[in-house]
Amino acid sequence: MSNTKITYEGPGSDNPLSFRWYDANKVVAGKTMQEHLRFACAYWHSFCGNGGDPFGEPTHLFSWNNTVDAVDRAKAKMDFAFDFMSNLSLPFFCFHDVDVVDFTNDVADNERRLQAITEHARQHMQSSGIQLLWGTANLFSHRRYMNGAATNPDFQVLAHAGAQVKAALDATISLGGQNYVFWGGREGYMSLLNTNMKREQEHMARFLHMAKDYARSHGFKGQFFIEPKPCEPSKHQYDYDCATVIGFLNQFGLQDDFSINIEVNHATLAGHTFQHELQVAADAGMLGSIDANRGDYQNGWDTDQFPNNVNELTEAMLVILEAGGFKGGGINFDAKIRRNSTDMEDLYHAHIGGMDTFARALLVADAVLQQSDYKAFRQQRYASFDSGNGKAFEEGKLGLEDLRNIAISDGEPKTLSGRQEYLENLINRFI
Ligand code: XLS
Ligand code: NI
Ligand code: NI
């Protein structure tokens, strides 16, 4: 597969290794598809995920794992990764520190390893033009983080988390990374019986300030993103959903530097739709980036499947387009192929499907916005606040007694339809 360049062949193509909708340079609503969508490959799922599950051994066997030296092994993996991303014309990638090179318990040696692989990445980025959408540190896999990283009750663990974030920030900054992500997998708790929640959250805020101050003083201009998730692996995660994160950022004075990376399957675990979470973030000016995937309707964990539902993604793209796009981020495929998808070709099908589904959803959402009365309908629904007493209310010119008097003088309101089925049909009409 190593020479397979995937190209746009259009909806009529029957070649499964081609794009049918993603046409990178096609202009939609004033920007190219590539500029709108800013696709990124998730290093951990694509090149580290081995198909293993709690019941079984790895099924995805990679040749580079036979290389003994850690940095050589990391380079062999990276050579493959850049080949793969180039074949798919993926403009960005994202990584955790431990995805790109294996770590030990030796902090200084881990820094050296990360620097060595960062140099290798730099060369690949220069020759391929692929850029770093965001970097991050894995503060959840190592056993020292079982009680949390920045929220650990043991300061010595927090110090290790700080060392890891410093090194990951150094790598991100030196590669020109556009953003930096914090996903707090273990930042939460399992039982209140052993937990001081207030103190742990204050520690997390202090830690985030330290990371932000360090990065800013070393020239980092990008956004920091918090990635909400309600549970798994912790029972209660502090970054539950967008609304919770926005409250936390505002409470601790982090709102100017941080925005949100929203993951589809995390939204659904929190009992929300993806588009709800997008809208909450957009309304707060914090729609930073997204982790694209999908869950499974029949179970309740983070299955991280590749997106494939045009209808659902169209609703998401409507929110993203109306918000004016992402605040520095893009669409990172935080998704993995199934345990029994064992061929490298499967990884191509997965990304082609995800990219095509988003491209198609972009086209449909744009058509809904440009060619239908969707916008006009939504505006008209609130027209009673555009003039008269409704306007006076919005402007703060009325009191509760005024409402009472208006209720009497204007009488019982008319029954006004929300037209949900009509609007749902609109999306299908443009697919
Ligand atoms: C796990 C998260 C993780 C973050 C990066 O559920 O989605 O992959 O995106 O740490
Ligand atoms: Ni994610
Ligand atoms: Ni996830």
Side-chain angles (χ1 to χ4, degrees), residues 24 34-49 71 74-103 110-111 113-139 164-183 211-212 214-227 257-263 288-293 325-335 351 354-355:
Q34 178 167 333
E35 289 165 337
H36 275 287
L37 300 169
R38 296 166 59 81
F39 288 128
C41 186
Y43 213 89
W44 53 102
H45 283 310
S46 291
F47 315 116
C48 311
V71 173
K75 286 181 179 171
K77 176 160 74 172
M78 188 167 277
D79 295 344
F80 176 87
F82 273 88
D83 203 25
F84 175 81
M85 295 187 289
S86 301
N87 282 343
L88 277 160
S89 303
L90 283 159
F92 294 100
F93 71 115
C94 302
F95 70 86
H96 302 83
D97 47 3
V98 302
D99 304 335
V100 288
V101 65
D102 292 335
F103 273 20
N110 291 342
E111 290 170 351
R113 289 177 176 209
L114 194 54
Q115 279 159 14
I117 197 66
T118 297
E119 285 316 308
H120 196 67
R122 187 194 319 288
Q123 289 163 23
H124 272 299
M125 289 169 70
Q126 272 164 6
S127 58
S128 65
I130 295 170
Q131 293 175 277
L132 178 59
L133 188 65
W134 49 263
T136 188
N138 178 328
L139 304 180
Q164 244 185 285
V165 168
K166 177 192 172 294
L169 280 168
D170 288 340
T172 302
I173 293 168
S174 96
L175 293 175
Q178 301 197 0
N179 308 282
Y180 186 87
V181 162
F182 291 90
W183 170 62
K212 181 243 319 165
Y214 175 81
R216 291 288 183 239
S217 71
H218 286 76
F220 180 65
K221 300 263 188 306
Q223 277 283 310
F224 297 92
F225 298 142
I226 303 280
E227 181 177 325
D257 297 273
F258 284 74
S259 49
I260 307 181
N261 181 37
I262 302 165
E263 179 163 322
S289 199
I290 66 174
D291 270 7
N293 56 23
F326 304 116
K327 203 172 160 186
I331 298 174
N332 170 46
F333 287 112
D334 195 351
H351 282 85
M355 294 162 82

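- Applying the side chain to side chain contact (heavy atoms under 4.5 Å, CB included) criterion to D257, with sequence neighbours excluded, gives K212, R216, F224.
- The shortest side-chain heavy-atom distance between L175 and F95 falls under the 4.5 Å cut-off.
- Side-chain contact between W183 and T136 is absent, with no heavy atoms from C-beta onward closer than 4.5 Å.
- Between the NE2 atom in H120 and the CZ atom in F82 there is a gap of 8.5 Å [rounded to 0.5 Å].
- For the atom pair H218 NE2 and T172 OG1, the distance stands at 13.5 Å (nearest 0.5 Å).
- With rounding to the nearest 0.5 angstrom, the CZ atom of F258 is 11.0 Å from the CZ atom of F225.
- Between C41 and L90, the shortest heavy-atom contact is CB-CD1, 3.8 Å.
- Within the 4.5 Å cutoff, the side chain of D170 has heavy atoms near those of the Y214 side chain.
- Shown here for G288 and F326, the closest heavy-atom pair between the two residues is O-CB, 3.3 Å.
- A salt bridge does not link D79 to K75: none of the charged side-chain nitrogens sits closer than 4.0 Å to a carboxylate oxygen.
- The distance from atom OG1 of T118 to atom CG of D97, rounded to the nearest 0.5 Å, is 10.0 Å.
- From I226, atom CD1 reaches atom CZ of F182 across 6.5 Å, with rounding to the nearest 0.5 Å.
- Ring geometry, Y43 versus F93: the interplanar angle falls from 30° to 60°, so the pair is classed tilted.
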- Task: Start with the C-alpha gap between H124 and M85, add the side-chain angles, then the distance that decides, and say whether side chain to side chain contact (heavy atoms under 4.5 Å, CB included) holds.
- Result: CA-CA 11 Å; H124 272 299; M85 295 187 289; over 6 Å; no
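- Between E263 and D334, the shortest heavy-atom contact is OE1-OD2, 2.8 Å.
- E119 CD to Q115 CD: the interatomic distance, rounded to the nearest 0.5 Å, is 8.5 Å.
- With hydrogens and angles ignored, the 3.5 Å screen pairs a side-chain donor or acceptor of R113 with a backbone N or O of D102.
- K77 places a side-chain N or O within 3.5 Å of a backbone atom of D99 that can act as its donor or acceptor partner.
- Remark: side-chain polar atoms of R122 are paired, donor with acceptor, to backbone N or O of S174 under 3.5 angstrom.
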- Please test N332 against F92 for side chain to side chain contact (heavy atoms under 4.5 Å, CB included), starting from the C-alpha separation and ending with a verdict. CA-CA 8 Å; N332 170 46; F92 294 100; over 6 Å; no
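- Heavy-atom minimum distance, A292 versus A335: O-CB, 3.9 Å.
- Here the side chains of W44 and N138 are not in contact, with every heavy-atom distance at 4.5 Å or above.
- Between N179 and G328 the shortest heavy-atom distance is ND2-O, 2.9 Å.
- Between H45 and F333, the ring center distance fails the sub-6.0 Å criterion.
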- Would you please test S289 and L133 for side chain to side chain contact (heavy atoms under 4.5 Å, CB included) and show each step? CA-CA 9 Å; S289 199; L133 188 65; 4.1 Å; yes
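- In plain terms, the two heavy atoms of A74 and V100 that are nearest each other are CB-O, 3.0 Å.
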